[in-house]
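All residue numbers refer to positions in the sequence shown, counting from 1. Keep in mind it's a predicted model, so treat the numbers as computed, not measured.
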Amino acid sequence: MGIKVGIIGCGSITKLRHAPEYKSNPYVDEIVFFDRNADRAIELANEFGGKIVQSVEELYADSAIDVISDCSTNEYHHIYSTNALLSGKHVLCEKPISLTIEHANLIVAAQKKAGKKLMVDHNQRFNRAHQKAKEIISNGELGKVLTFKTTFGHSGPEQWGANKSNSTWFFKKERSGHGVAGDLGIHKVDLIHYILEDEIEQVSAFQGALDKVNEYGEPIEVCDNIVCSLKTKKGRIGTASFSWTYYGEEDNSTTIYCEKGILKIYQNESYQLEVIRENGEKEHYKLESIQTNNKQTNSFVIDAFIECVRLDQDPLVSGHDALSSLKVILGILEAAETNRVVTV
């Protein structure tokens with residue numbers, strides 16, 4: 001008997017990542033789709049050979065469904081993921097885990113109570129170059145980490161979202177909540193926590209809605225750019241920039257500066273990881289390229305999650321990990337709004 005999966009929300013992330021990756025996983029037998037817009041659910045059920053349900057309660061009530069992907073918009077995660085866990089399902093929740101710490105705590109508490117798997121889709125942990133960089137840092141061959149810089153930017157979610165227009169939910173304060181910080185920034189905060197085995201504890205930042213406008217031609221309600229300074233618990237300091245206005249080319253790069261050399265990640269088209277030692281010697285690693293909005297490749301997230309469920313393993317990204325990253329993003333936004341350094 002294979003695994004039966006329910007998916008809540010049939011937007012771009014389901015169409016381009018979750019549905020095709022479940023479909024190609026050898027242990028998944030069936031996918032059941034739910035969306036408040038039934039036409040979207042029907043379209044994906046037809047494309048991926050699944051079924052649809054008319055209500056989310058039908059997913060919870062179906063005892064044959066083992067796993068639920070919560071691909072709803074950000075403001076619903078705490079409702080759908082919590083209810084799915086409490087109805088006995090393992091849950092893969094899209095990031096951010098929630099918009100507020102209070103709501104994120106509801107999901108984490110539900111996981112604890114239900115004793116089911118909860119993984120949050122911070123997919124940068126699954127990129128081979130990031131995993132190799134973590135390994136090099138962990139084994140100490142470059143000495144201790146001193147500073148870092150990271151960025152994540154592309155031309156904006158209106159090109160990615162389901163409706164391909166300036167009316168996208170990503171631009172709405174009550175739905176996306178945190179603008180580019182919650183969309184792209186949270187990925188890189190989680191990545192820094194993961195690679196450095198550390199947590200960011202102090203932040204300062206500048207933000208703005210510099211260029212994006214909504215469907216009425218007015219500046220959007222959330223930031224389209226944010227630039228931050230970060231300090232970790234272990235005393236490493238770094239910078240981060242997140243943008244929806246990198247027109248012409250995406251940037252998803254990270255540089256880690258250590259005592260005995262530098263790690264450059266996703267900066268060279270031919271080599272996804274470069275190690276530059278203090279004596280100038282270079283090592284190049286050819287690993288898989290990172291996904292971009294225009295080039296969707298297997299994220300390994302679905303396969304990893306199914307493996308956790310099958311083999312009863314701990315997920316690579318726990319609810320607690322996701323909560324830690326959310327706290328940093330909220331701190332960054334507070335720092336930008338108040339013009340002061342914030343302790344997370």
Side-chain angles (χ1 to χ4, degrees), residues 9 11-17 71-75 77 94-99 121-124 127 149-192 203-230 238-254 265-267 289-297 299 322 325-326 328-337:
S12 295
I13 198 75
T14 297
K15 184 182 170 71
L16 298 170
R17 295 265 177 89
C71 299
S72 63
T73 51
N74 300 350
E75 80 276 28
H77 290 173
E94 262 308 316
K95 58 82 214 162
I97 184 171
S98 201
L99 293 181
D121 188 4
H122 286 293
N123 55 30
Q124 300 227 344
N127 290 107
K149 61 184 180 188
T150 191
T151 191
F152 194 178
H154 56 53
S155 57
E158 71 276 31
Q159 275 99 37
W160 151 266
N163 69 353
K164 303 285 185 291
S165 86
N166 285 19
S167 66
T168 174
W169 66 268
F170 284 97
F171 290 172
K172 310 292 182 205
K173 178 82 173 167
E174 76 280 2
R175 298 190 70 195
S176 96
H178 311 314
V180 73
D183 180 33
L184 305 183
I186 203 161
H187 275 303
K188 290 302 192 185
V189 166
D190 180 74
L191 179 68
I192 292 298
V203 297
S204 64
F206 292 102
Q207 69 166 356
L210 305 183
D211 193 58
K212 295 298 185 190
V213 293
N214 64 18
E215 65 269 45
Y216 308 111
E218 304 153 345
I220 61 173
E221 305 165 341
V222 291
C223 55
D224 60 20
N225 278 273
I226 193 156
V227 177
C228 344
S229 301
L230 311 166
T239 57
S241 44
F242 314 127
S243 178
W244 281 338
T245 64
Y246 287 3
Y247 301 123
E249 189 176 54
E250 288 195 24
D251 188 350
N252 208 332
S253 62
T254 301
I265 311 167
Y266 292 120
Q267 294 177 46
S289 57
I290 201 160
Q291 306 95 356
T292 67
N293 283 356
N294 299 324
K295 181 168 162 271
Q296 296 297 320
T297 53
S299 69
S325 297
L326 175 64
V328 174
I329 289 299
L330 293 172
I332 286 169
L333 290 165
E334 183 188 335
E337 281 157 19

Any donor-acceptor N/O pair, [X] side chain to [Y] backbone, under 3.5 Å:
X    : Y    : value
K172 : G177 : no
H77  : P96  : yes
D224 : L210 : yes
S243 : T245 : yes
H122 : A322 : no
T151 : S241 : yes
T14  : G9   : yes

Just jot down the side-chain hydrogen bond (donor to acceptor under 3.5 Å, both in side chains) partners of [X], sequence neighbours excluded, or say none.
X    : answer
S229 : none
E221 : none
E218 : N214

task = Apply side chain to side chain contact (heavy atoms under 4.5 Å, CB included) to L191 and F152, showing your working.
result = CA-CA 11 Å; L191 179 68; F152 194 178; over 6 Å; no
Do [X] and [Y] have side chains that approach each other closer than 4.5 Å (heavy atoms only, starting at C-beta)?
X    : Y    : value
C71  : I13  : yes
F170 : I220 : no
I192 : T150 : yes
S176 : F171 : no

Please report the closest heavy-atom contact between [X] and [Y], naming both atoms and the distance.
X    : Y    : result
N225 : V180 : N-CG1, 3.8 Å
A205 : I332 : CB-O, 3.6 Å
Y247 : K212 : OH-NZ, 3.1 Å
P157 : D183 : CB-OD2, 4.5 Å
A181 : I329 : O-CD1, 3.4 Å
W244 : L184 : CD1-CD1, 3.9 Å

If I take atom [atom1] from residue [X] and atom [atom2] from residue [Y], how far apart are they, to the nearest 0.5 angstrom?
X    : Y    : atom1 : atom2 : value
S155 : E250 : OG    : CD    : 7.0 Å
F242 : C228 : CZ    : SG    : 4.5 Å
I265 : N252 : CD1   : CG    : 10.5 Å
N123 : E94  : CG    : CD    : 7.5 Å

task = Have a look at H178 and tell me which of L333, I226, I186 forms a side-chain contact (heavy atoms from CB on, under 4.5 Å) with it.
result =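 Among the candidates, only L333 passes.
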Q124 and its side-chain hydrogen bond (donor to acceptor under 3.5 Å, both in side chains) partner, picked from K95, K188, H187 =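 Per the side-chain hydrogen bond (donor to acceptor under 3.5 Å, both in side chains) rule, the option paired with Q124 is K188, out of K95, K188, H187.
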query = Got a sec: does the CD of E174 have more than 12 other heavy atoms crowding it under 6.0 Å?
reply =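 Count over threshold, so yes.
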